[in-house]
Amino acid sequence: MTPIAHTELLNWYSVNKRKLPWRDTQNPYPIWLSEVILQQTRVDQGMSYYLRFMENFPDIHQLANASEEQVLKLWQGLGYYSRARNMHATAKYISQNLNGIFPGSSVELAKLKGIGPYTAAAIASFAFHEAVPVLDGNVFRVLSRLWDEDSAIDSTQGKKRFQLLAFESLNLSYPHLHNQAIMELGALVCKPKNPDCPNCPIQTWCMAFKADTVSMRPVKAGKTKVKNRYMHYFFMENGKSFLVAKRKAGDIWQGLFDLPEISFDAQPSDSQLTQAFQNLNSELKQVQLFSHFVYESIHLLSHRRLFARFYHLQFEGEVPGIHGFELVELEKLTRLPASRLFEKFQKNYILQERKQE
DNA sequence: AAAACGGGGAG
DNA sequence: CTCCCAGTTTT
């Protein structure tokens, strides 16, 4: 980019930038918090979470001293929950080992859990004005068009190429403003679909605009394949309490509370389901109530379809315990971190059932 | 290098 | 429905 293009971009930014609470500060804590929340997450979606985290944990020590359940509870609904766990771990590390002081360079920042190349560059440039370019989805798109670059942004080779372009495009006088501006341009003007080229401040320098290839940029190699998962949930209750457990590591929604559940890659037969259900716990051999389900939902994820069926098992007296699951009062149901399917079930089935009573 | 990991909005 | 979002970690 030419010095004039840099100036045009910054002028555009100063006029058109959104007012965001984590801007106009050099305190790395709110910057870091916002960057982690905004990983693969739109500003509109992450905003309320950012505000809630800042309210509950105004500084890194308070976040560090929180329990993992508190953190996950606040994160509930945002997705990619490992972000919350990594963020919590990093807060503890900085609070306890670094006296609450963030590392001062992108190289050092990138060594922390949950901080990769993008977030390290973002914090380093926004908080410390380090001359390092950020490379997120917006920047990939803007650069691919600006330079009419046809390397795939999701290939190793392509990433190296864009890293080079990003350094060449960086405004060394105002790296922090440049990074903010180029991302903002990608979000507001140089959008994936229907980019607003007529109002683009750097249209003059855009190679793809000149070549009329804007709609073909960026190039992606990856193909998104969708996998199905058939989940069978058991809402086991006696009118007072029901069974829940924390989901285990190595699977979706780890660390969140959920109902007893059995999953298959393909729709199981009744006998397979019966067998799997009984395997949950030997005590349940005589409990065979799932000839029908009471509620069904489909949950669409990025590369997965979850088909969920819920079976309502009512007991008089004690609910049979299952290994790993514990009894929770019905009234405490909404105060637990919960999987999305559990939430949906609560909303569409449990609450309706109660209303009828 | 590829897969896993969420949820929501836009087209 | 597909694509993408202020990506990172694990396999």
Side-chain angles (χ1 to χ4, degrees), chain A residues 17-18 20-23 30-50 72 75-87 89-90 109-126 133-142 144 152-160 162 166 176 178-188 190-195 215 217-227 229 247 249-256 298-306 337-344:
Chain A
K17 66 178 177 184
R18 293 169 287 184
L20 302 175
W22 48 84
R23 282 182 178 158
I31 293 172
W32 166 66
L33 182 59
S34 70
E35 292 304 337
V36 174
I37 286 175
L38 293 176
Q39 287 166 4
Q40 292 290 282
T41 305
R42 289 205 173 76
V43 169
D44 291 341
Q45 189 187 356
M47 177 66 78
S48 65
Y49 286 85
Y50 169 82
L72 277 177
W75 199 272
Q76 182 185 333
L78 236 200
Y80 284 154
Y81 297 92
S82 62
R83 289 183 292 172
R85 289 191 303 277
N86 286 332
M87 185 178 79
T90 291
L109 284 164
K111 295 176 180 173
L112 301 172
K113 284 185 181 176
I115 298 184
Y118 164 76
T119 305
I123 299 172
S125 73
F126 301 159
V134 295
L135 216 35
D136 75 331
N138 290 308
V139 179
F140 275 115
R141 188 169 55 255
V142 172
S144 74
I153 62 173
D154 54 349
S155 70
T156 305
Q157 283 299 311
K159 285 194 173 78
K160 286 167 74 174
F162 278 92
H176 58 299
H178 174 90
N179 281 336
Q180 296 270 13
I182 197 167
M183 285 195 287
E184 195 79 334
L185 187 72
L188 301 183
C190 198
K191 297 173 290 188
K193 302 284 167 61
N194 304 324
S215 64
R217 302 284 178 266
V219 172
K220 281 191 78 172
K223 51 273 166 214
T224 48
K225 44 190 166 185
V226 177
K227 285 171 73 176
R229 177 164 171 172
R247 294 191 64 96
D251 197 4
I252 194 172
W253 300 320
Q254 91 179 67
L256 298 198
I298 301 177
H299 199 63
L300 284 150
L301 276 53
S302 300
H303 28 269
R304 215 199 278 270
R305 278 190 211 92
L306 306 181
S339 77
R340 299 297 285 173
L341 287 180
F342 186 176
E343 289 175 27
K344 218 166 170 178

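Chain letters run A, B, ... following the sequence lines, proteins first, then strands; residues in each count from 1.
Annotation: A/Lys113, atom NZ; neighbour count of heavy atoms from other residues, nucleotides and ligands within 6.0 Å does not exceed 12. Counting heavy atoms of neighbouring residues, nucleotides and ligands inside a 6.0 Å radius, atom NZ of A/Lys191 exceeds 12 of them.
For DNA chain C, the contact window with chain A, defined by any atom under 4.0 Å from a protein heavy atom, covers C/dC1 to C/dT9 in 5' to 3' order.
Rounded to the nearest 0.5 Å, atoms NE2 (A/His299) and CD (A/Glu343) are 8.5 Å apart. Distance check: A/Asp136 CG to A/Thr119 OG1 gives 9.5 Å after rounding to the nearest 0.5 Å.
The separation of C/dT9 from B/dG8, taken at their C1' atoms, amounts to 23 Å, rounded to a whole angstrom. The P atoms of C/dT8 and B/dG9 are separated by 24 Å, rounded to the nearest whole Å. Here the separation of B/dA4 from C/dA6, taken at their P atoms, is 25 Å to the nearest Å.
Within the 4.0 angstrom heavy-atom criterion, base atoms lie near A/Leu20. Within the 4.0 angstrom heavy-atom criterion, base atoms lie near A/Trp22. Nucleic acid contact class of A/Ser34 (heavy atoms, under 4.0 Å, all strands): none. Among the protein residues, A/Lys159 comes within range of no part of the nucleic acid, since none of its heavy atoms lies under 4.0 Å from any strand.
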Practice problem: Go along nucleotides 5-11 of chain B 5' to 3' and tag each nucleotide: B for a protein heavy atom under 4.0 Å from its base, S when only backbone or sugar atoms are that close, - otherwise. | Solution: BBBBB--

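Every residue was checked against the side-chain hydrogen bond (donor to acceptor under 3.5 Å, both in side chains) condition with A/Arg304, not counting sequence neighbours, and none meets it.
A residue-by-residue look at A/Lys113 and A/Arg23 shows that A/Arg23 has its nearest nucleotide of DNA chain C further toward the 5' end.
Proximity of a side-chain donor or acceptor of A/Arg85 to a complementary backbone N or O of A/Gln254 within less than 3.5 Å is detected.
No donor-acceptor contact under 3.5 angstrom links the side chains of A/Arg83 and A/Gln39, judged on distance only.
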